[in-house]
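Notes follow once the structure below has been shown.
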Amino acid sequence: AISTRRVGIVELFGAESGFVTANAALACGRAALVLIPEMFSAFDTSEKIEAAFMECLEHVRQRVRQQDRPGTLVVVAEGVGELLEQRKVTLNGQPVTGDGFAYRIEELLAGNLFDARRRKVGLFVNRPRHHIRSVGPNSFDQTYCERLGALAVETALAGYTGCMVSFWLNEYVLVPLRLVAAGHKRMTTNGMFWKQVCLSTGQPPIEG
């Protein structure tokens, strides 16, 4: 994005929550906008979702207009498009579909991106998603997975059932499966972590 003076739209994992997307964007430090399902899940009408989404896109346009040589990213979780499709949201009069939502964002931004010198700025879409899993594990990944596997075997040999091994507050613990299945872990858009992401990108703090 930086070398070619373009805006990259990157779609990452996150069918129901934005942890992967938010962490990746914060680690990168070059994102102008991060979109996660939790931003829009609590809005009660499709019109409010559309207004909030368009506000986010306008932030990207303003960010690009302030730069002589723009190069930035829009990082979106795959579940955002699916959520908007379920809520029957329309953008510029066209219904949203979950598959290929990143290309819809490209379509909405195309033709409206200009840098500080009024030069047109291009876009590209990258959907690495499952390709990310081909990256080799680092030292933490190796030791973490080895501990989980060893403790799972030890737990089974000790006769424990109906539980799983997890990592909590720097300790490995057993978690009952009924608690695991009780619900999905989701980000809170009024929490400190999401506010840190918004400070990094400068985007409006949408709290859906």
Side-chain angles (χ1 to χ4, degrees), residues 1-2 5-87 89 91-92 96 98 101-110 112-116 121 123-129 132 183-208:
I2 297 172
R5 202 178 63 84
R6 291 191 292 173
V7 172
I9 302 167
V10 183
E11 185 179 79
L12 299 177
F13 282 128
E16 296 179 350
S17 62
F19 289 102
V20 172
T21 302
N23 276 283
L26 192 61
C28 169
R30 292 294 305 183
L33 177 63
V34 180
L35 298 172
I36 61 174
E38 291 88 339
M39 293 171 61
F40 309 102
S41 58
F43 284 114
D44 55 359
T45 66
S46 60
E47 289 78 13
K48 290 181 180 179
I49 295 177
E50 180 180 2
F53 186 83
M54 289 304 187
E55 182 182 356
C56 290
L57 294 189
E58 182 57 30
H59 163 72
V60 176
R61 297 186 186 99
Q62 292 179 2
R63 178 84 168 259
V64 171
R65 280 197 294 264
Q66 296 169 357
Q67 301 173 351
D68 287 333
R69 186 174 178 81
T72 190
L73 299 173
V74 173
V75 189
V76 56
E78 59 184 339
V80 175
E82 296 171 4
L83 174 67
L84 269 58
E85 181 179 9
Q86 293 171 3
R87 299 291 182 85
V89 175
L91 299 174
N92 282 357
V96 174
F101 183 62
Y103 294 100
R104 185 64 187 279
I105 297 175
E106 179 188 30
E107 177 186 321
L108 291 168
L109 288 173
N112 294 309
L113 285 178
F114 299 91
D115 63 15
V121 177
L123 300 103
F124 68 89
V125 174
N126 187 3
R127 303 174 72 195
R129 298 169 71 179
I132 294 175
H184 294 288
K185 184 179 179 183
R186 298 175 64 84
M187 286 185 59
T188 56
T189 53
N190 58 356
M192 184 59 69
F193 177 54
W194 179 245
K195 289 181 179 179
Q196 186 178 3
V197 173
C198 291
L199 286 172
S200 173
T201 62
Q203 70 188 71
I206 305 297
E207 297 183 4

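- Rounded to the nearest 0.5 Å, atoms CD (E107) and CG (L123) are 11.5 Å apart.
- Closest heavy-atom contact between A32 and R63: CA-NH1, 3.3 Å.
- Residues H59 and P204 form a side-chain contact, since some pair of their non-hydrogen atoms from C-beta on lies under 4.5 Å apart.
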For L35 and I105, what are the C-alpha separation, side-chain angles and deciding distance, and is it a side-chain contact (heavy atoms from CB on, under 4.5 Å)? CA-CA 11 Å; L35 298 172; I105 297 175; 3.9 Å; yes
Please step through salt bridge (Lys or Arg N to Asp or Glu O under 4.0 Å) for the pair R65 and E58, ending with a clear verdict. CA-CA 11 Å; R65 280 197 294 264; E58 182 57 30; 3.1 Å; yes
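- Each of V34, L33, L57 was evaluated against V74; a single residue qualifies, L33, per the side chain to side chain contact (heavy atoms under 4.5 Å, CB included) test.
- Between the R69 side chain and the D115 main chain, no donor and acceptor come within less than 3.5 Å of each other.
- For the residue pair D68 and A116, the shortest heavy atom distance occurs at OD1-CB, 3.3 Å.
- The shortest distance between side-chain heavy atoms of V7 and P70 does not fall below 4.5 Å.
- Judged purely by atom type and a 3.5 angstrom limit, E106 has no side-chain atom pairing as donor or acceptor with the backbone of I9.
- Between the CZ atom of F101 and the CD atom of E11 there is a distance of 9.0 Å, given to the nearest 0.5 Å.
- Summarising the geometry of P205 relative to C198, their closest heavy-atom pair is CA-SG, 4.2 Å, with the distance given to 0.1 Å.
- For the atom pair CD1 (I36) and CZ (F19), the distance works out to 8.5 Å, reported to the nearest 0.5 Å.
- Between the side chain of E78 and the backbone N or O of L12 there is no donor-acceptor pair closer than 3.5 Å.
- Taking 4.5 Å as the limit, some side-chain heavy atom of L91 sits within range of a side-chain heavy atom of M54.
- Smallest separation of non-hydrogen atoms from L113 and V64: CD2-CG2, 4.1 Å.
- Considering V80, T21, V76 in turn, V80 is the only one that fulfils the side chain to side chain contact (heavy atoms under 4.5 Å, CB included) rule with P37.
- To the nearest 0.5 Å, atom CD1 of residue I2 and atom CD of residue Q67 are 9.5 Å apart.
- T72 contributes a side-chain N or O that, together with a main-chain N or O of R30, makes up a donor-acceptor pair within less than 3.5 Å.
- Atom CG of N190 and atom CD of E38 lie 11.5 Å apart (nearest 0.5 Å).
- Distance check: Q196 CD to L26 CG gives 5.0 Å after rounding to the nearest 0.5 Å.
- Judged purely by atom type and a 3.5 angstrom limit, R61 has no side-chain atom pairing as donor or acceptor with the backbone of L109.
- When all heavy atoms of I206 and W194 are compared, the closest pair comes out as O-NE1, 3.9 Å.
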Under the side-chain contact (heavy atoms from CB on, under 4.5 Å) rule, what do F53 and V89 come out as? Steps first, then yes or no, please. CA-CA 10 Å; F53 186 83; V89 175; over 6 Å; no
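- Between M187 and F193, the shortest heavy-atom distance links the atoms CE-CD2, 3.5 Å.
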